[in-house]
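Sequential numbering from 1 along the given sequence is applied to the chain's residues.
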Amino acid sequence: MLRSNVARPQFGLRGSGQHSIKRQISSQCSEWHNGQSQLQVRRKCLVHLVRHSQELILQTEVKIDAGNLSIYPLQEEDERGTAILLTRAFAHTKDGRGFREIREYVHEMLQSPPDGVMLVARLTPTDVSEVQLGKTSLVVGLAALSFNSATREQMPTLQPPDKSAYLSNIAVEPHYRRKGIASVLLKVCEQVTQDALLNRLYLHARVADVGAQAFYRKAGYLEEGRDGSLTAMWHRISPRVLLCKALPVIE
C-alpha cells in the first residue's frame, strides 16, 4: 500500500557533471524554440533528457510497504530482467511470447524515444533476502508508453487514435502484486503523457480480465468500445475493451 502520494517525476543525477549537462540541455532546448511549436519543443526536450539518462535520469521514488520503489526509463542493464518479467507476466495468456522475441522487443524500446518509452519499476526491498547475493534491488514492474502509432502494434479492432498516448504491457512480478506498484506505474505514465503535452491516455484490457478493468476504472478510465464475440472470433483475438482517461494538459 502506498505511504505517500506519487511525486511528479524529477530529473535526478547519476554521477558527476551536473552543471555542464544542465547547461547543454538548456542550450539545446532553447535552440529548438526557433520555428517550432510548443508541443515539438516540449517533447524534444523530454527525449533529450531521457537519452542523457546515463548521467541524468527521469526518476520518481515512492515508499511502499515492500521497500523503496524507483520508476525510471529503461536502461541497457535492465534489458534481461525486464524481458524475464514480461515473459512470465504473459506466459499463460494468448498474448504470450518466447523470451527471445520479448528480449528483442525490449531492446527496440531502448530506441523508441521520442515516439515512446518503457518505464521500469525497481524495488530496493525491506527484506534483503528477496534479492540475489551481491544485489540491492530488483526489477519488479514495467510499463510501455507509445506516443504515436509508429511504436505500437497495428490492431485489427479498437485502434487508438494515431497521435495519442497508448499504454501497453504494464506488468508486475506475481510475488509483488497488490502492493501498490501497478498504481505507481500508472500514475507516472499519466504524468509522462502530460509532459509530452498529450491529454488522453488509451489502453486495452481483456474482456475476461474483470480485475484489470476494475483497476483502471477506479483510476478514472472510461470505456470507449469493446469487441463483440463474433468480431473477436473473426480476427482470432481475445475480446478486449478500449479504455481512455482524459488528462489535464500542463502549460
Determine whether more than 12 heavy atoms belonging to other residues, nucleotides or ligands lie under 6.0 Å from atom CZ of Arg80.
no
Contact list for residues 132-150, test salt bridge (charged side-chain N to carboxylate O under 4.0 Å, His left out), sequence neighbours left out:
none
Applying the side chain to side chain contact (heavy atoms under 4.5 Å, CB included) test to Leu145, which of Leu198, Asn169, Thr193, Ile170 qualifies?
Thr193
Got a sec, which residues hit side chain to side chain donor-acceptor pair (under 3.5 Å) with His235, two or more places apart in sequence or on another chain?
none
Between Arg200 and Glu224, is there a side-chain heavy-atom distance shorter than 4.5 Å?
yes
Are Tyr105 and Val139 linked, directly or through intermediate hydrophobic residues, by side-chain heavy-atom contacts shorter than 4.5 Å (ILVMFWY only)?
yes
Any side-chain heavy-atom pair of Val106 and Leu74 under 4.5 Å
yes
OG1-CZ distance between Thr82 and Arg103, expressed to the nearest 0.5 angstrom
9.5 Å
Of the non-hydrogen atoms in Ala219 and Lys245, which two are nearest, and what is the gap between them?
O-NZ, 2.8 Å
Please report the interatomic distance CG(Leu142) to CE(Met118), rounded to the nearest 0.5 Å.
5.0 Å
Can you list the steps and then say if Val128 with Thr136 is a side-chain contact (heavy atoms from CB on, under 4.5 Å)?
CA-CA 7 Å; Val128 294; Thr136 59; over 6 Å; no
To the nearest 0.5 angstrom, please state how far the CE atom of Met109 sits from the CD atom of Glu79.
11.5 Å
Please check if the side chain of Gln213 supplies one atom and the backbone of Val207 the other of a donor-acceptor pair under 3.5 Å.
yes
Sequence neighbours left out, what pairs pass salt bridge (charged side-chain N to carboxylate O under 4.0 Å, His left out) with at least one residue falling in residues 144-167?
none
side-chain contact (heavy atoms from CB on, under 4.5 Å) between Val241 and Asp209: does it pass, once the steps are laid out?
CA-CA 10 Å; Val241 178; Asp209 196 343; over 6 Å; no
Mind checking whether Gln194 and Pro248 have side chains closer than 4.5 Å, heavy atoms only?
yes
Test side-chain contact (heavy atoms from CB on, under 4.5 Å) on Leu119 and Cys189 and set out the steps.
CA-CA 8 Å; Leu119 297 174; Cys189 285; 3.9 Å; yes
Hey, what do you get for CD (Glu104) to NE2 (His107), rounding to the nearest 0.5 Å?
9.5 Å
Heavy atoms, side chains only, cut-off 4.5 Å: are Ile237 and Pro156 in contact?
yes
Side-chain contact test, heavy atoms from C-beta onward, threshold under 4.5 Å: evaluate it for Leu203 versus Ser168 and give yes or no.
no
Show every salt bridge (charged side-chain N to carboxylate O under 4.0 Å, His left out) that has at least one partner inside residues 121-133, sequence neighbours left out.
Asp78-Arg122
Looking only at heavy atoms, the pair that brings Val117 and Ser112 closest together is N-OG, 3.7 Å
Using a 4.5 Å cut-off between side-chain heavy atoms of Ile, Leu, Val, Met, Phe, Trp and Tyr, which other residues end up in the same hydrophobic cluster as Tyr166?
Met155, Leu158, Tyr202, Leu242
Rounded to the nearest 0.5 Å, what separation is found between the CG atom of Leu186 and the CD1 atom of Ile181?
13.5 Å
Measure across Val192 and Phe147 and return the closest heavy-atom pair with its distance rounded to 0.1 Å.
CG1-CZ, 3.9 Å
Determine whether Val188 and Leu247 fall in the same hydrophobic cluster, where Ile, Leu, Val, Met, Phe, Trp and Tyr are linked whenever their side-chain heavy atoms lie under 4.5 Å apart.
yes
Whether Lys179 side chain and Asp65 backbone form a donor-acceptor pair below 3.5 Å:
no
By the salt bridge (charged side-chain N to carboxylate O under 4.0 Å, His left out) test, which pairs, at least two apart or in different chains, include something from residues 231-242?
Asp227-Arg240
ILVMFWY cluster, Val120 and Leu110 together (side-chain gap under 4.5 Å):
yes
Side-chain contact test, heavy atoms from C-beta onward, threshold under 4.5 Å: evaluate it for Pro125 versus Val131 and give yes or no.
yes
Nearest heavy-atom approach of Leu185 to Ala171 is CD1-O, 4.2 Å
Please answer whether the main-chain N or O of Pro160 pairs with a side-chain N or O of Ser164 as donor and acceptor at a distance below 3.5 Å.
no
Rounded to the nearest 0.5 Å, what's the gap from CD1 on Ile102 to CG on Leu86? Could you check?
4.5 Å
Note: Gly141 and Leu85 closest approach over all heavy atoms is N-CD1, 3.3 Å
Is the shortest side-chain heavy-atom distance between Val210 and Phe215 below 4.5 Å?
no
